[in-house]
There are 2 protein chains.
Amino acid sequence: MRAVGGIMDKSGSNKGEEEAETGRPTLKTLAFMTGLGVTTVSRALKDAPEIGAETRKRVQLVARQIGYRPNRAGVRLRTGKTNVISVVLNTTEQIGGFLSDFIYGISERLAATPYHLVVAPYSHNNDPMEPIRYVVETGSADGIIISRTEPSDPRVRYLTERGFPFAAHGRTAMGIEHAYHDFDNETFARLAVRRLAELGRRRLALLAPPTALTYHQHMRGGFLDEMDRHGQSEVPFSAVSSDNVIDDIRRHTIELMQRTGRPDGIVCGAGGPAFALIAGIEAAGFKLGRDIDLVAKEPFNLLQLVRPEIHVVEEDFRLAGHDLATAVLSRIDDKSAAPMQRLVVPTDVIAPR
Amino acid sequence: MRAVGGIMDKSGSNKGEEEAETGRPTLKTLAFMTGLGVTTVSRALKDAPEIGAETRKRVQLVARQIGYRPNRAGVRLRTGKTNVISVVLNTTEQIGGFLSDFIYGISERLAATPYHLVVAPYSHNNDPMEPIRYVVETGSADGIIISRTEPSDPRVRYLTERGFPFAAHGRTAMGIEHAYHDFDNETFARLAVRRLAELGRRRLALLAPPTALTYHQHMRGGFLDEMDRHGQSEVPFSAVSSDNVIDDIRRHTIELMQRTGRPDGIVCGAGGPAFALIAGIEAAGFKLGRDIDLVAKEPFNLLQLVRPEIHVVEEDFRLAGHDLATAVLSRIDDKSAAPMQRLVVPTDVIAPR
DNA sequence: TGGCAAATCTGTAACGTTTCAATATACTCA
DNA sequence: TGAGTATATTGAAACGTTACAGATTTGCCA
């Protein structure tokens, strides 16, 4: 074997030197230029202590000069590290989507790192587990960001069981400590109800998120309890959720407003659907601020601009993206560290201007 | 060399057979299971004609059974093919972003292919060329989708010169035939102006995109020419573009409305900014539909819902994403084929309801 | 002087894939 | 029979990287 090694060696190093200077530089290129071995160069670039200080500097200088960039496929094949974060999104999600900010938040955080962001979609009729399994099974990312978290979320269980780094937009309730960023929707609902109470509103309806999602519970819990304190009553409005398409919400809102016990206050748990609520209320012939008041989430700061008579609570999706990216990264960095858990508590309802 | 080969061979195949059945299956696993060579398996999976029909079927059956999925890093390292499409986005882009739909459009198209979508952001103060160079130099994607196209776009030149597959959201005017999807903003402007003419509006202002972008020319061209035909005059409004932040637009709109020669009609070239226009107009004490009329783009079908008095033209960003994905794919597939070029022409302005 | 340790540096093998250049087998034709 | 030719299959090498197990040099101590 030694003899064979010797032979291979000669032909091998010949190749390196014969090769025309072409294409993008690799470790071999650097090795040739510095007169060092490929291994040495590799280590020098990652500041390994067993490489002489002078050599290290020299290699790094040359590398910088010729613009060396490690080949991702090489690293990935050898180490399994992909330098990719995968964000799994529901394609049929929401209207006019908060998604832009969410994605921008993630990208911004990732910009200064070697990580790339890949967007893995799944449609409503598909299994939400599918993209998750794909990533884990094929090892196509180092970490995952999920949204639309459920109280007992199979994705969270699956990822936790396998020790795969992830962070969730939203909490769970399954006794698993995992990284998350969440908006405190209970407090949101309380603030909203309180505001409506102050306005003298007595019969409230809630346009809640789909029951399957964790924050449905939070929002509804806060809504009911706070109504209790103020002696208000609920007008049921469960035919639609904030996931429904605009037109459904508008139609059901009209129906809601035409009931005898119609509400005089509505809490809307999302930004887009508020538009449909407004349209519905007015189509039924009622006037916002007079017959009824609306408190809604304001994700793009557009709603109150054209409808100053509604009350809004701001929710920052860019921050959510940023947080979640940070959370996965730290998870990847050290799986045994405590997972980042951030709950953003809204403090006030912005009144009509 | 032959002798050496023989020796290596023995030890090599030993390894394969000794190896514990673990982790995810590779070609070697399949080779072992079928009793064939790795090469044969590789070829059989891609239906190479020189592999016997029976063998081919057998290999494919086994592969399917054990859920074989080619290792992307391996393929990428060997062939240079990444199976990635990179979409380059400006992080500071627009308000409330049409981006969601754009990205969903792309993902949807890519879902049935082996391609992944990676989002490469750049911020306003950075060089737009930077992410492009990065992708090309590091070969980190097979194709690129760009937006915010300029008449003489350095990215288009760069990518074309290198024969790198790409598609642009928007056209250029530099004598280069490239793939694009564009919304006909000239026609949009004409339709808008015509509508305002029908309403008897005589003094029009245009909230245009930034002058650097190609569609600024288109929109402005259509706007001016059509005004000419109807004998209308322009009220200059170039202090802001649809890129400005909401609050700037609102403030400048107030200023605009307070001039002596204030407009009685406005054309707004984007969805988000229309909200700011409305807010500004009303803050200045004027009433939409009475003192002034507004025609705007409606990207999320929300605007007219709460402001039925404005006139809208729909622009479909999901379609744009879908188209652009298709365009890059076909570009990757065959660089010599004619690039897909699609111009979506709006046909009508939706009147107030 | 010889031996040992520390400090640097190095080649080989391996990750999973595809391409190249064979090889083995069976068949055809003169 | 022998040469030639399809047909089917194959190992080796390579893509760029890192981990492992050496190898070389230098300095120091006994």
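Chain A is the first sequence line, chain B the second, and so forth, proteins listed ahead of strands; every chain is numbered from 1.
- The base of D:dA8 has none of its N or O atoms less than 3.5 Å from a complementary donor or acceptor on the side chain of B:Thr40.
- Between B:Val38 and B:Gly74, it is B:Val38 whose nearest contact on DNA chain D lies nearer the 5' terminus.
- The interatomic distance linking A:Arg78 (CZ) with D:dT18 (P) rounds to 9 Å, in whole Å.
- If you measure from atom CZ of A:Arg72 to atom C1' of C:dG16, you get 18 Å, rounded to the nearest angstrom.
- A search for side chain to side chain contact (heavy atoms under 4.5 Å, CB included) contacts involving A:Thr113 returns A:Arg109, A:Leu110, A:Tyr115, A:Leu329, not counting sequence neighbours.
- Listed pair A:Thr39 / C:dC9 fails the phosphate criterion, with no side-chain N or O lying under 4.0 Å from OP1 or OP2.
- Taking the six-membered ring where tryptophan is involved, the planes of A:His116 and B:Tyr134 are perpendicular, since the angle between them exceeds 60° and thus also 30°.
- Using a distance-only test at 3.5 Å, with no hydrogens or angles considered, a donor-acceptor pair links the side chain of A:Arg331 to the main chain of A:Ala337.
- When the P atom of C:dT18 is taken as reference, atom NZ of B:Lys28 falls 15 Å away, rounded to whole Å.
- As a whole-Å value, the separation of B:Phe32 CZ from C:dG16 P is 16 Å.
- Interface residues of residues 47-71 of chain A facing DNA chain D, ordered by number: A:Tyr68, A:Pro70, A:Asn71; criterion, heavy-atom separation under 4.0 Å.
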*Kindly determine whether B:Met174 and B:Thr160 satisfy side-chain contact (heavy atoms from CB on, under 4.5 Å), including the steps that lead there.*
CA-CA 11 Å; B:Met174 50 204 295; B:Thr160 306; over 6 Å; no
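- Results of the side chain to side chain contact (heavy atoms under 4.5 Å, CB included) test with A:Ile106 over A:Val328, A:Leu324, A:Asp323, A:Ile145 single out A:Ile145 as the only residue that passes.
- Applying the 3.5 Å distance criterion, the base of D:dT10 shares a donor-acceptor pair with the side chain of B:Arg43.
- Within the 4.0 angstrom heavy-atom criterion, only backbone atoms of the sugar-phosphate kind lie near B:Gly35; the bases stay farther away.
- Ion pairing between a basic and an acidic side chain is recognised when a charged N comes within 4.0 Å of a carboxylate O; B:Arg43 and B:Glu50 show such pairing.
- Going from atom CG of B:Leu27 over to atom P of D:dT10 covers 13 Å, rounded to whole Å.
- Between the C1' atom of C:dC15 and the NZ atom of A:Lys81 lies a distance of 17 Å, rounded to the nearest Å.
- For the OP1/OP2 pair of D:dT17 and a distance below 4.0 Å, the side-chain nitrogens and oxygens of A:Thr79 include no atom meeting the criterion.
- Remark: A:Asn83 engages no residue in a side chain to side chain donor-acceptor pair (under 3.5 Å) (not counting sequence neighbours).
- In this structure, the CG atom of A:Leu30 is 16 Å from the C1' atom of C:dC9, given to the nearest Å.
- Look at B:Lys46 and you'll find a side-chain N or O under 4.0 angstrom from OP1 or OP2 of C:dT18.
- With rounding to whole Å, A:Arg76 atom CZ is found 15 Å from D:dC15 atom C1'.
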